[in-house]
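One-based numbering, in listed order, for ligands and for the atoms of each. Worth knowing before you read on, the calculation uses all heavy atoms, side chains too, and leaves out hydrogens, waters and symmetry mates.
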Amino acid sequence: MSTVNQATLDVESLSVTLGRHPVLERVSGLSARAGEITALVGPNGAGKSTLLKAIAGLERYHGSVRFDATDLAELDATERARRVYYLPQESGTPAALSVFEAVLLARRTSHPTAGQRDLELVRQTLIMLELEPLAERTLDQLSGGQRQRVAIAQAAVREPRVLMLDEPTSALDLHHQLQVLEWLAAVARQRGIIVLIAIHDLSLAARFAGQLWMLGNGGKVKATGTPRHVLTEDRLREVYAIHAQVEWSDDEPPRVTPLAALTSLGGVKR
Ligand SMILES: Nc1ncnc2c1ncn2[C@@H]1O[C@H](COP(=O)(O)OP(=O)(O)OP(=O)(O)O)[C@@H](O)[C@H]1O
Ligand SMILES: [Mg+2]
């Protein structure tokens, strides 16, 4: 069943300074819709993680972040955290909890009044992320990619209205990259929530996201819109300093193939 939800997340004139270094300066015009994945892309150091942390209220900022017509700055930290959840790029040290306990704990932390549905939600989430066979293992007995899928499960069972995942497929094998992104797209659709992910793989971003936000060096918004609009060979040259081939087809998934890294003068690096 798909939930009709017109909620949007809108970022206007957002600035963040870290130390004495302005990382984002008046970032504007970013809008994400409920029901689909929005992918945040851009080179290392562009400010993707900083932007996601600011939206979550974990980094001090100037400007406005509105969700569903509410300025999130008007909410206290608990209220904000109920609506918006950010899973960082690197998760914490593994505890001596089992996979099942760790995911249930994330649920109970965010929904303190225990309900009938909690256990079933945790079980279903483990099944969907292909973690059920590992349910009784402790977190320190998992591989890096398995731990990353547990962290995604923990984020999802919190059921925020805006689910932000920072490079959620960075440690995953090819099967699980596709499987997790397919599942996240279904979660966005079925729950009618905003799923905002930072991701480096542009072919996957083009395939699974409805909208892209592209940041360039210095935290500038380079483009927003559909993958087809944003991902052009000229823009990849400018933003990533690469020569790339971008292919769109009616029958096949979109494909962005990086062909060569360019020097700052536009030549091919040797
Ligand atoms: N505590 C800090 N103090 C000063 N500068 C920082 C701090 N943390 C990060 N930065 C700088 O802020 C910029 C943005 O960092 P951020 O982590 O948001 O980039 P990113 O786009 O997520 O990159 P990546 O793709 O590598 O994850 C970088 O230039 C980084 O060096
Ligand atoms: Mg980052």
Just jot down the ligand 1 atoms closer than 4.0 angstrom to any heavy atom of [X], in number order.
{"X": "A46", "value": "19 (O), 21 (O)"}
{"X": "H200", "value": "25 (O)"}
{"X": "E167", "value": "25 (O), 27 (O)"}

Looking only at protein heavy atoms, which one is nearest to [atom], and how far off is it?
{"atom": "atom 17 (O) of ligand 1", "answer": "S49 CB, 3.7 Å"}
{"atom": "atom 27 (O) of ligand 1", "answer": "Q89 NE2, 3.0 Å"}
{"atom": "atom 10 (N) of ligand 1", "answer": "L18 CD1, 3.7 Å"}
{"atom": "atom 25 (O) of ligand 1", "answer": "K48 NZ, 2.7 Å"}

Does an N or O anywhere in G45 fall below 3.5 Å from an N or O of ligand 1?
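Yes, since at least one N or O of G45 sits under 3.5 Å from an N or O of ligand 1.
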Any N or O on V23 sitting closer than 3.5 Å to an N or O of ligand 1?
no
Under a 4.0 Å threshold between the charged nitrogen and the carboxylate oxygen, would E130 count as salt-bridged to R149?
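No, no charged N to carboxylate O under 4.0 Å.
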Test side chain to side chain contact (heavy atoms under 4.5 Å, CB included) on E79 and R83 and set out the steps.
CA-CA 7 Å; E79 274 299 308; R83 285 181 178 70; 2.8 Å; yes
Nearest non-hydrogen atom to atom 24 (P) of ligand 1 belongs to which of N44, L215, T50, D166?
N44
So, for atom 13 (C) of ligand 1, does the protein have a heavy atom nearer than 4.0 Å?
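For atom 13 (C) of ligand 1 the answer is yes, since some protein heavy atom falls inside 4.0 Å.
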Mark whether atom 31 (O) of ligand 1 lies under 4.0 angstrom from at least one protein heavy atom.
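When distances to the protein are checked, atom 31 (O) of ligand 1 has no heavy atom within 4.0 Å.
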For ligand 1, is there an atom lying under 4.0 Å from some heavy atom of [X]?
{"X": "G42", "value": "no"}
{"X": "K53", "value": "no"}
{"X": "R20", "value": "no"}
{"X": "P43", "value": "yes"}

Inside 2.8 Å of the Mg ion (ligand 2) but strictly below it, how many protein N/O/S atoms are present?
2
Sequence neighbours excluded - side chain to side chain donor-acceptor pair (under 3.5 Å) pairs with any residue from residues 17-30
E12-S28, S13-R26
If you measure only the distance, is there a donor-acceptor pair under 3.5 Å linking the side chains of D166 and S49?
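Yes, because at least one side-chain N or O of D166 sits under 3.5 Å from a partner of the opposite role on S49.
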Euclidean distance, H229 NE2 relative to Q211 CD, rounded to 0.5 Å
9.5 Å
